[in-house]
Amino acid sequence: MSTAQIAFLKGHGTENDFVIIPDHDGLIELSPAAVARLCDRRAGLGADGVLRVVRSAAHPEARAMADEAEWFMDYRNSDGTVAEMCGNGVRVFARYLQRAGLTGAGDLAVATRAGVRRVHIAKESAGGDVTVSMGKVLLPGGDVTVTVGDRSWPAHNVNMGNPHAVLFVDDLADAGNLYTAPLVTPAAAYPEGTNVEFVVDRGPRHVAMRVHERGSGETRSCGTGACAVMVATARRDGADPALTGVPVSYTVDVPGGRLVIGESPDGSVEMTGPAVIVAEGAFDASWLGTALG
């Protein structure tokens with residue numbers, strides 16, 4: 001059995017937590033089973049997902065973005081499936097690069113499967129907020145319905161580089177346990193599955209949400225989900241920056257904290273929130289056994 005040591009860090013953004021695997025030269029192959037074992041909260045390190053840190057030039061999915069972004073965020077859900085984007089993950093990814101001395105406070109470009117994301121790390125301290133330009137929102141349209149038990153609600157189809165079904169409820173408890181994916185119909189609206197956000201109002205331009213993340217179950221936060229919620233809420237409230245020319249901003253509370261989401265007249269969405277590295281260490285490659293590689 002191999003005794004090679006694999007370095008890791010643990011971090012979170014509003015308690016959406018990740019195992020970070022520095023693999024700058026793209027030498028580590030993580031199978032879905034290996035990712036699931038790493039994320040196991042009883043038999044592994046425990047996380048909502050894995051962030052593998054790879055130079056864009058060293059990864060076949062990111063080489064075309066290497067001139068624009070040196071680093072690629074290879075994100076996997078806790079069940080081992082590959083995801084296009086993770087908003088909280090991008091902030092934690094940027095915090096790792098700062099901690100490792102690979103970037104400083106200020107502006108940074110990060111390559112993801114949903115394209116290049118622009119990041120700004122606040123200068124005030126190592127623990128300052130991180131802002132991510134999440135790209136332009138897409139509203140595919142069409143009627144979507146979410147069902148939990150014997151109750152159903154209409155939902156908004158919002159795409160933030162990954163898919164979301166956003167619905168408004170009277171009480172966040174209406175979402176149920178969210179470890180089982182709510183039924184979303186029609187299935188053709190989300191051929192690859194979807195994240196589902198349940199939303200309640202807290203005040204003027206202030207909402208709270210719970211989320212079922214595709215491939216992870218209920219998580220304490222979802223950055224792209226908070227962006228989708230902000231856009232759906234703004235449209236419900238009659239606010240569309242593309243029509244008014246006026247930017248709009250909402251506070252979105254998640255179980256793990258608070259995010260501030262803004263939308264510009266060109267349709268681009270920006271998210272600001274914390275990103276924290278809480279631990280670092282190493283594990284034996286042999287621990288993963290046959291699940292690794």
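Because the structure is a prediction, the values reported are computed rather than measured. All residue numbers refer to positions in the sequence shown, counting from 1.
Here the CD-OG distance, from Glu213 to Ser78, works out to 8.5 Å after rounding to the nearest 0.5 Å. How far CZ of Arg117 is from SG of Cys86: 12.0 Å, rounded to the nearest 0.5 Å. Note that CG of Asp253 is 14.5 Å distant from CZ of Arg210, once rounded to the nearest 0.5 Å. Taken to the nearest 0.5 Å, the CZ atom of Phe18 stands 10.5 Å off from the CD1 atom of Ile277. Interatomic distance, CH2 of Trp71 versus CG of Leu108, reported as 10.5 Å (0.5 Å rounding).
A heavy-atom distance below 4.5 Å is found between the side chains of Leu102 and His24. When side chains are defined from C-beta on, Thr233 does not count as touching Arg205, because their heavy atoms never get closer than 4.5 Å. Contact annotation: the side chain of Val207 never approaches that of Arg202 to less than 4.5 Å [non-hydrogen atoms, C-beta and beyond].
The side-chain contact (heavy atoms from CB on, under 4.5 Å) with Leu51 is formed by just one residue from the set Tyr96, Phe8, Tyr75; it is Tyr75. Evaluated for a side-chain contact (heavy atoms from CB on, under 4.5 Å) with Val35, the options Asp79, Leu30, Ile21 yield exactly one hit, Leu30. Tested against Ser221, the residues Val252, Asp48, Thr14, Asp17 include a single side-chain contact (heavy atoms from CB on, under 4.5 Å) partner, Thr14. Checking Val90, Leu259, Asp129, Val260 one by one against Met271, the side-chain contact (heavy atoms from CB on, under 4.5 Å) holds for a single residue, Leu259.
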For Phe198 and Val146, what are the C-alpha separation, side-chain angles and deciding distance, and is it a side-chain contact (heavy atoms from CB on, under 4.5 Å)? CA-CA 10 Å; Phe198 293 77; Val146 172; 4.0 Å; yes

Could you walk me through whether Arg91 and Val119 satisfy the side-chain contact (heavy atoms from CB on, under 4.5 Å) test, starting with their C-alpha distance in whole Å, then the side-chain angles of each, then the deciding distance to 0.1 Å, before giving a yes or no? CA-CA 8 Å; Arg91 298 201 318 277; Val119 178; over 6 Å; no

May I have the step-by-step check of side-chain contact (heavy atoms from CB on, under 4.5 Å) for Thr112 and Phe93, ending in yes or no? CA-CA 11 Å; Thr112 76; Phe93 187 94; over 6 Å; no

Could you walk me through whether Glu29 and Arg52 satisfy the salt bridge (Lys or Arg N to Asp or Glu O under 4.0 Å) test, starting with their C-alpha distance in whole Å, then the side-chain angles of each, then the deciding distance to 0.1 Å, before giving a yes or no? CA-CA 10 Å; Glu29 291 293 334; Arg52 187 165 70 107; 5.5 Å; no

Determine whether Arg113 and Phe72 satisfy the following criterion, side-chain contact (heavy atoms from CB on, under 4.5 Å), listing intermediate values before the conclusion. CA-CA 9 Å; Arg113 289 185 175 87; Phe72 173 61; 4.0 Å; yes

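Scanning all heavy atoms of the two residues, the minimum distance from Asp266 to Ser268 falls at OD1-OG, 2.7 Å. Between Val130 and Ala94, the shortest heavy-atom distance links the atoms CG1-CB, 4.4 Å. Across all their heavy atoms, Ser56 and Ala111 have their closest contact at OG-CB, 3.6 Å.
For Thr131, the side chain to side chain contact (heavy atoms under 4.5 Å, CB included) partners are His120, Glu270, Thr272, not counting sequence neighbours. The side-chain hydrogen bond (donor to acceptor under 3.5 Å, both in side chains) search around Arg63 returns none, not counting sequence neighbours. With sequence neighbours left out, the side chain to side chain contact (heavy atoms under 4.5 Å, CB included) criterion links Asp171 to Ala173, Asp174. Remark: Asp237 engages Tyr250 in a side-chain hydrogen bond (donor to acceptor under 3.5 Å, both in side chains) (not counting sequence neighbours). Listed by chain and residue number, nothing satisfies the side-chain hydrogen bond (donor to acceptor under 3.5 Å, both in side chains) test with Ser264 (two or more places apart in sequence, or in another chain). Taking Arg42 as the reference, nothing meets the side-chain hydrogen bond (donor to acceptor under 3.5 Å, both in side chains) condition, with sequence neighbours excluded.
Leu27 belongs to no multi-residue hydrophobic cluster, having no ILVMFWY side-chain contact under 4.5 Å with any other such residue. Val54 belongs to no hydrophobic cluster, as no Ile, Leu, Val, Met, Phe, Trp or Tyr side chain comes under 4.5 Å of its own. With side-chain heavy atoms closer than 4.5 Å counting as contact, directly or through intermediates, the hydrophobic cluster containing Val116 also holds Met65. In this structure, Leu243 stands alone, with no Ile, Leu, Val, Met, Phe, Trp or Tyr side-chain heavy atom under 4.5 Å from its own, directly or through other members.
Screening residues 135-146 for side-chain hydrogen bond (donor to acceptor under 3.5 Å, both in side chains) gives no qualifying pairs among residues at least two apart or on separate chains.
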Expected list for residues 182-191: side-chain donor-acceptor pairs under 3.5 angstrom, two or more places apart:
residue, atom, partner, partner atom, Å
Tyr190, OH, Asn157, OD1, 3.3
Tyr190, OH, His164, O, 2.9

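The number of heavy atoms from other shown groups lying within 6.0 Å of CG (Asp170) does not exceed 12.
A donor-acceptor contact closer than 3.5 angstrom is absent between the side chains of Asn88 and His12.
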